[in-house]
Amino acid sequence: MNRKPKILIVEDEAAIRTGLIDVLVYHGFDTDDADDGKVGLNKALTGKYDLILLDVMLPGMDGFEICNRIRDVDREQAIIMLTAKTSDEDIIQGLRLGADDYVAKPFSVAQLVLRIQAVLRRSKIGIEEAGTLQLGNLMVDTRNLAATRGDESISFTRREMDILQYLYINTDRPISREELLTKLWGYARNLDLETRTVDIHIAKLRRKIETDPANPNYLITVRGAGYRLLVE
Ligand code: CA
């Protein structure tokens, strides 16, 4: 792929928006931008962006709603939320609604660019599709990001499915948060990263695949070691 990755910036604060455009163009990205939530959503839904940088507080429609609406129709779209550093709730909410990652404001340019590059690298690599996974009475169709349990149908984001497949392939051992961050998010091992992103994705997966998410039968925590998927 020789074309430049195209990033949509949805941010209403002009100084931040133009700063982001400058930085991203400097680092070899093409950009487009919106200063209003509804305009941002309409642009995002064209599906022509490699990644969307999404602010939370926006006029017209907030970033959570935009993320939710994008995920309704596109579970592959790479999305990074721009959250307030002081707001844990924003971070958790953004990830729950299907953002791939978040960058807390005020952010360092280096950190932001690393995260964008990691998410883009990840969405190009993909991990080997396992096809169909069975967890008890849950049948997972990895290619269609979907699962069924009896009459119930469940949908996954690309990121959730990648985690599930990675744990499935490595069912013989617990997988640390750091390993998930390096293998699936594409982060360098020596980066000092918060691991909450992983935990929130695991919590989302449990709500989808476990009948009792508080007492998981499949996606278990191995104290001091990480997460393990038990496959019969
Ligand atoms: Ca804002």
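Values below: all heavy atoms of this structure, side chains included; hydrogens, waters and symmetry mates excluded. Given the structure is predicted, the values throughout are model-derived calculations rather than measurements. Whatever order the structure lists them in is the order used to number ligands and atoms, beginning at 1.
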Original post:
How far apart are the C-alpha atoms of Tyr227 and Asp199, what are their side-chain angles, what is the distance that settles it, and do they pass the side chain to side chain donor-acceptor pair (under 3.5 Å) test?
Top reply: CA-CA 10 Å; Tyr227 297 108; Asp199 297 336; 2.7 Å; yes

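- Residues satisfying the side chain to side chain donor-acceptor pair (under 3.5 Å) criterion with Glu11, sequence neighbours excluded, are Lys105.
- Applying the salt bridge (Lys or Arg N to Asp or Glu O under 4.0 Å) test to Arg71 and every residue at least two apart in sequence or in another chain returns Asp100.
- In this structure, Arg228 forms no cation-pi arrangement with Tyr218, as its terminal cationic atom is not both closer than 6.0 Å to the ring centre and no more than 45° off the ring axis.
- Hydrophobic clustering, defined by side-chain heavy atoms of Ile, Leu, Val, Met, Phe, Trp and Tyr closer than 4.5 Å, groups Leu230 together with Ile220, Val222.
- For the pair Lys6 and Phe29, the cation does not sit on the ring face, since its NZ or CZ is not both under 6.0 Å from the ring centre and inside 45° of the axis.
- If you count the protein N, O or S atoms nearer to the Ca ion (ligand 1) than 3.0 Å, you get 3.
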